[in-house]
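Inspection log for the structure reproduced underneath, given as C-alpha cells.
Atoms considered below: every heavy atom in the structure, side chains included; atoms not considered: hydrogens, waters and symmetry mates. When a ligand or atom number is given, it counts from 1 through the structure's own listing order. Treat the numbers as computed from the prediction; the structure is a model and nothing was measured.
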Amino acid sequence: MAEDTSKEESAPGWYADGLRHVWRPYAQMKTAHPPLPVTHTHGSRIVLADGRELIDGVASWWTACHGYNHPHIRQAVARQLADMPHVMLGGLVHEPAATLARRLAGLLPGDLDHVFFSDSGSVAVEVALKIALQYWINTGAKGRSQFIAFKGGYHGDTTGAMAVSDSEDGMHALFAGLLPRHHLADLPDSDDRLAALDALLAQRAGDIAGIIVEPLVQGAGGMKFNDAIVLKRLRALADKYDMLLIFDEIFTGFGRTGTMFACEAAGVVPDIITLSKALTGGTMGLAATVATKKVFDVFWSDDPAKALMHGPSYMANALACAAANASLDLFESEPRLRQVAALSAALEQGLAPCRQMPGVKNVRVLGAIGVVEMTRIADLNALRARFVDEGVFIRPFGNVIYLTPAFTISPDDLAQLAGAIIKVIRTL
Ligand SMILES: *Cc1c(COP(=O)(O)O)cnc(C)c1O
C-alpha cells in the first residue's frame with residue numbers, strides 16, 4: 001500500500017472521512033484539484049489545516065467586505081444568539097429585521113422603502129421577478145410576462161434567475177431548453193445599440209414586465225464594466241415604455257464599486273433593487289429585494305389576491321439581520337468608502353505592469369475590483385494551484401483573473417496579491 005504523503009498526513013480526519021460526501025460548486029469533482037481544508041479565518045487571511053496562511057483576494061465570493069471575523073459583527077451575532085437565533089416572519093416580527101429594513105430604506109436612494117427579506121441572492125432575484133410580474137397583474141395589465149436581460153449578465157442559479165442570465169457563455173447553457181424565454185439584448189452602450197433596444201421595446205412593450213441589469217459591473221459573467229450612461233438610458237427607456245427597472249446590486253452593493261450602491265454613481269433610482277453578498281459582511285446568507293413606493297402601493301389593497309405570495313422559512317433570520325446591522329454600523333463608524341478609494345488606486349498601480357505582458361487582453365479597475373483579462377486561460381485548475389503555491393487565494397474563471405479583496409486589506413497584503421498575479425502571468 002502506498003505511504004501517506006505529507007499532505008495527507010496533515011489533513012484532518014474529517015477531511016478524509018467527509019469530503020467524498022460533499023458535492024462541490026461549479027466543479028468537475030473528478031478532475032478539479034481537491035479543495036483546501038480551512039480551519040480559521042481572520043482579517044484578509046485564510047488559515048489552512050496544515051498551518052499555511054493564504055492572503056485572500058476574493059473575500060469569499062465578494063461577501064467579506066470588512067475582512068473575516070470582525071469583532072463587532074461577531075459580538076452582535078453572539079448577543080443575538082443568546083436572545084433568539086430565529087423566529088418565523090409569518091405573523092411575527094423582531095427588532096433586528098425591523099431595524100435593518102429601516103436602515104436599508106434610509107441608505108437606498110429615492111423611495112426604495114419596502115424590503116422583502118430572503119436567504120440568498122438568487123432568491124432575491126426570483127422575488128424581484130415575481131414582484132414585477134404581479135405588479136402588472138395587480139394593475140390589470142395582461143400578458144406582461146417577459147423580461148429584458150443583457151448579454152454577459154448573471155443573476156443567480158435558480159431557474160427564474162437563470163432565465164434572465166446570459167446562457168451563451170454563462171454557467172447555465174445546459175438548461176436553456178427548460179427555461180422561460182426572455183429577451184437577451186446588448187447593453188445600450190452605443191447609439192446603435194440604444195436604437196436597437198428602443199426598437200425592440202417599441203415592438204414588444206405589451207409583453208414586457210421589466211428590465212433587469214447589473215449596474216456598473218457584470219460580475220460572474222466576466223467582470224465586465226458598463227458606464228453610468230447605460231443606466232441612465234435604461235431608466236429613460238423603462239419610463240418611455242412603462243416598464244419596471246430592476247437593478248441587481250447583489251455584487252455591487254455595499255461599497256464594492258466606490259459608492260454605497262452602484263446606482264448612486266449613475267444618479268438613477270430603479271423600481272426594484274436586489275441586495276445580498278456583502279449585506280452581512282460575509283457572515284451568513286441573507287438577501288433583500290427592495291421596491292419603491294410606486295411598486296409597493298400596487299400590492300397594498302383590500303383584495304387578498306393582490307398580496308405577494310412568497311415567504312422563505314428562514315426569512316429575515318435574526319442572526320443574519322444582526323450581522324447585517326453590525327455590518328452597516330461598520331460602514332458608519334469606519335472610513336470604508338475612503339478605504340475603497342485608496343484600494344482602487346492601489347489596484348490600479350499594482351496591476352499596471354500587467355498591461356504590457358503577453359497574453360493580457362485588458363486590465364481594468366473600478367472601486368475595489370481589479371481585473372486582468374487574458375486572451376485565454378488554458379488550464380484554470382493549474383492556474384488556481386499556482387496562486388496557492390504563491391501563498392494567495394485568487395480564483396480566476398473564464399478568461400479573467402480578478403481581485404475583490406476585503407476593503408480592510410493591508411497595503412502589504414494587497415501588494416502581495418498583485419505581485420503574485422504578475423509573477424504567475426509571467427510564467428504562463
Ligand atoms: C452572486 C450573485 C447572484 C446570486 O446570489 P447567490 O447568493 O449566489 O444566490 C445574483 N446576482 C448577482 C449579480 C450576483 O453576483
Separation between CD1 (Ile394) and CZ (Arg384), nearest 0.5 Å, reads 12.0 Å
One finds that the ligand 1 atoms under 4.0 Å from a non-hydrogen atom of Glu214 are 13 (C)
Here the atoms of ligand 1 under 4.0 Å from any heavy atom belonging to Gly156 are 4 (C), 10 (C)
Checking heavy-atom distances from atom 11 (N) of ligand 1 to each of Asp248, Leu279, Asp157, the winner is Asp248
Does any N or O of ligand 1 fall below 3.5 Å from an N or O anywhere on Gly121, backbone included?
yes
For Ser122, the atoms of ligand 1 under 4.0 Å from one of its heavy atoms are 4 (C), 5 (O), 6 (P), 9 (O)
Under 6.0 Å between ring centres: does that hold for Phe397 and Tyr402?
yes
Atoms of ligand 1 under 4.0 Å from any heavy atom of His155, numbered from 1 in the order shown, are 10 (C), 11 (N)
message: Surrounding NZ of Lys294 (heavy atoms of other residues, nucleotides or ligands, distance under 6.0 Å), is the total greater than 12?
response: yes
Give a yes/no on ligand 1: does Trp62 have at least one heavy atom closer than 4.0 angstrom to it?
yes
Next item on the list: Tell me whether the centres of the aromatic rings in His86 and Tyr314 are closer together than 6.0 Å.
Entry: yes
If we number the atoms of ligand 1 from 1 as shown, the ones under 4.0 Å from a heavy atom of Lys277 are 1 (C), 2 (C), 3 (C), 14 (C), 15 (O)
Tell me whether Arg336 forms a cation-pi arrangement with Phe407, defined as NZ or CZ under 6.0 Å from the six-membered ring centre and within 45 degrees of its axis.
no
- Less than 4.0 Å between a side-chain N and a carboxylate O, is that true for Asp189 and Arg193? yes
